[in-house]
Amino acid sequence: MTDKIALSTWPTPLEPMPRLAETLGLREGDLWIKRDDLIGLGGGGNKVRKLEWTVGAALAEGADTLVTTGAAQSNHARLTAAAGARLGLDVVLVFPGTPQSATGSSGNLVLDSLFGARVFWAGEGDPSALAGVADDVCEQLRRTGARPYLIPFGGSSPLGARGYLDGGKELLAQLADIEHVVVALGSGGTMAGLVGALGEERVLGVHCGAVAEPAVAVADLAGALSRRNHTPGTLRIRMDQVGAGYGVLHEPVLEAIQTAATTEGIVLDPVYSGRAMAGLIAAVRDGELRRGQRAVFLHTGGLPGLFGHTQTVHRSVAALHTYEAV
Ligand SMILES: *Cc1c(COP(=O)(O)O)cnc(C)c1O
């Protein structure tokens with residue numbers, strides 16, 4: 001029996017987005033935003049809700065070291081580092097690449113070291129080998145007398161997904177009559193938890209290119225969570241925002257980031273939340289999300305990632321807003 005631990009103050013705010021709604025041709029009260037970017041730990045973001053469960057399990061097992069994997073700009077890794085700092089646990093992050101990959105590092109990598117986490121660079125090989133490397137790191141840690149606990153990629157185990165079963169229920173208590181919840185789909189735990197709380201019909205996931213088979217990932221996690229069968233085919237998942245691939249900025253995402261910023265003062269990231277917003281805008285344009293229906297955008301955070309991709313975002317934004325004195 002695992003108890004979750006508190007890593008922030010709940011609930012997160014829910015706010016209307018009237019100017020964005022109007023810009024998209026919707027009614028003022030149609031669009032809302034659930035501010036999980038404002039979660040109070042380590043710069044915020046969706047991974048904290050999962051960590052409340054997985055780190056709770058680590059503590060229950062008597063662990064003294066958290067180990068996890070991800071891309072170098074992983075928000076999950078950054079928040080694992082922050083959770084470790086908060087609780088006095090050591091943290092080892094297993095990233096692809098070499099120590100040189102950290103040269104001139106920015107965004108999440110800076111925060112990882114600020115929180116005191118150590119990085120094990122796994123080399124340039126196949127990213128799918130990372131889980132094996134993380135197992136080896138745990139084994140080595142055990143030999144030195146440490147008690148490591150391995151948190152899976154993105155925190156997306158059935159246990160971690162319970163964080164969004166909680167998050168979905170929290171949202172339902174804040175707002176009734178929700179027809180759509182739009183969310184970025186990475187490793188799948190966030191969408192799976194929301195499906196558990198709100199049902200398959202109301203959750204629209206936007207695939208970000210992080211996993212090969214997003215529908216299978218979500219169906220498996222949702223099934224394990226609810227002990228009911230979920231088939232990949234009945235989940236609502238938009239596959240149209242991957243562009244050139246995970247982490248590569250494409251035009252609709254840049255447009256979505258700019259639209260949210262200029263209409264609502266909301267900052268999205270280029271890898272996840274910007275893609276989710278691009279998916280929401282596409283859903284309005286093709287009629288999947290209609291005027292008079294109530295939709296909630298789940299802001300999953302990721303702001304530090306924006307500063308890990310400054311070149312592309314800044315170049316285009318700077319070009320747009322030059323003020324010429326007359
Ligand atoms: C990880 C992440 C997601 C995706 O969540 P999953 O549970 O992995 O699908 C979305 N947005 C941000 C900012 C993230 O860091």
Side-chain angles (χ1 to χ4, degrees), residues 12 33-39 41-54 68-83 93 107-108 111-112 151-168 181-197 203-222 224-225 235-238 241-242 246-247 253 256-257 260 266-280 297-309:
T12 56
I33 183 167
K34 174 76 169 154
R35 300 295 305 272
D36 277 9
D37 58 316
L38 297 182
I39 288 173
L41 178 75
N46 64 330
K47 299 309 181 312
V48 176
R49 289 190 193 268
K50 304 184 196 182
L51 287 164
E52 289 200 327
W53 284 100
T54 52
T68 198
T69 62
Q73 283 298 333
S74 164
N75 298 304
H76 162 68
R78 180 239 315 162
L79 289 164
T80 302
L93 306 173
N108 279 307
L111 296 177
D112 295 339
I151 301 174
F153 170 69
S156 282
S157 54
L159 179 65
R162 282 163 82 168
Y164 270 92
L165 193 58
D166 306 336
V181 176
V182 182
V183 63
L185 197 182
S187 56
T190 303
M191 180 171 178
L194 291 174
V195 164
V203 183
L204 175 59
V206 181
H207 176 42
C208 298
V211 293
E213 293 191 278
V216 174
V218 176
D220 285 353
L221 286 163
L225 195 60
L235 294 164
R236 294 174 61 197
I237 297 177
R238 292 193 74 102
Q241 299 304 327
V242 179
Y246 180 71
V253 175
I257 290 174
I266 297 281
V267 186
L268 304 174
D269 81 286
V271 180
Y272 292 107
S273 55
R275 275 203 168 84
M277 184 58 79
L280 183 151
F297 177 80
L298 177 64
H299 194 330
T300 47
L303 176 57
L306 186 64
F307 299 102
H309 293 80

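As the structure lists them, so they are numbered: ligands from 1, and atoms in each ligand from 1.
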Student: Who passes side-chain contact (heavy atoms from CB on, under 4.5 Å) against Thr190, sequence neighbours left out?
Tutor: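 Only Asn46, Lys50, Tyr164, Val183, Leu194, Leu298 meet the side-chain contact (heavy atoms from CB on, under 4.5 Å) criterion with Thr190.
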Student: Mind checking side-chain contact (heavy atoms from CB on, under 4.5 Å) for Pro158 and listing every partner two or more places apart, or none if nothing turns up?
Tutor: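 Result, side-chain contact (heavy atoms from CB on, under 4.5 Å) vs Pro158: Leu221, Ala224.
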Student: Strictly distance-based, threshold 3.5 Å: is any side-chain N or O of Arg275 a donor or acceptor partner for the main-chain N or O of Gln241?
Tutor: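 At least one qualifying donor-acceptor pair exists.
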Student: What pair of heavy atoms forms the shortest contact from Met191 to Leu185, and how long is it?
Tutor: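 Looking at all heavy atoms of both residues, the closest pair is SD-CD1, 3.9 Å.
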Student: Who are the side-chain contact (heavy atoms from CB on, under 4.5 Å) partners of Leu268, not counting sequence neighbours?
Tutor: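 Result, side-chain contact (heavy atoms from CB on, under 4.5 Å) vs Leu268: Ile257, Ala260, Ile266, Ser273, Met277, Phe297, His299.
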Student: Measure across Gly42 and Ala82 and return the closest heavy-atom pair with its distance rounded to 0.1 Å.
Tutor: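 In this case the closest contact between Gly42 and Ala82 is CA-CB, 3.7 Å.
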Student: Using a cut-off of under 3.5 Å, which N/O atoms of ligand 1 pair up with protein N/O atoms, and what distance separates each pair?
Tutor:
{"residue": "ligand 1", "atom": "5 (O)", "partner": "Asn46", "partner atom": "ND2", "Å": "3.0"}
{"residue": "ligand 1", "atom": "5 (O)", "partner": "Thr190", "partner atom": "OG1", "Å": "3.4"}
{"residue": "ligand 1", "atom": "7 (O)", "partner": "Lys50", "partner atom": "NZ", "Å": "2.6"}
{"residue": "ligand 1", "atom": "7 (O)", "partner": "Gly189", "partner atom": "N", "Å": "3.4"}
{"residue": "ligand 1", "atom": "7 (O)", "partner": "Thr190", "partner atom": "N", "Å": "2.9"}
{"residue": "ligand 1", "atom": "7 (O)", "partner": "Thr190", "partner atom": "OG1", "Å": "2.7"}
{"residue": "ligand 1", "atom": "8 (O)", "partner": "Ser187", "partner atom": "N", "Å": "2.7"}
{"residue": "ligand 1", "atom": "8 (O)", "partner": "Ser187", "partner atom": "OG", "Å": "2.5"}
{"residue": "ligand 1", "atom": "9 (O)", "partner": "Gly186", "partner atom": "N", "Å": "2.7"}
{"residue": "ligand 1", "atom": "9 (O)", "partner": "Ser187", "partner atom": "N", "Å": "3.1"}
{"residue": "ligand 1", "atom": "9 (O)", "partner": "Gly188", "partner atom": "N", "Å": "2.8"}
{"residue": "ligand 1", "atom": "11 (N)", "partner": "Thr300", "partner atom": "OG1", "Å": "2.6"}
{"residue": "ligand 1", "atom": "15 (O)", "partner": "Lys47", "partner atom": "NZ", "Å": "2.9"}
{"residue": "ligand 1", "atom": "15 (O)", "partner": "Asn75", "partner atom": "ND2", "Å": "2.8"}

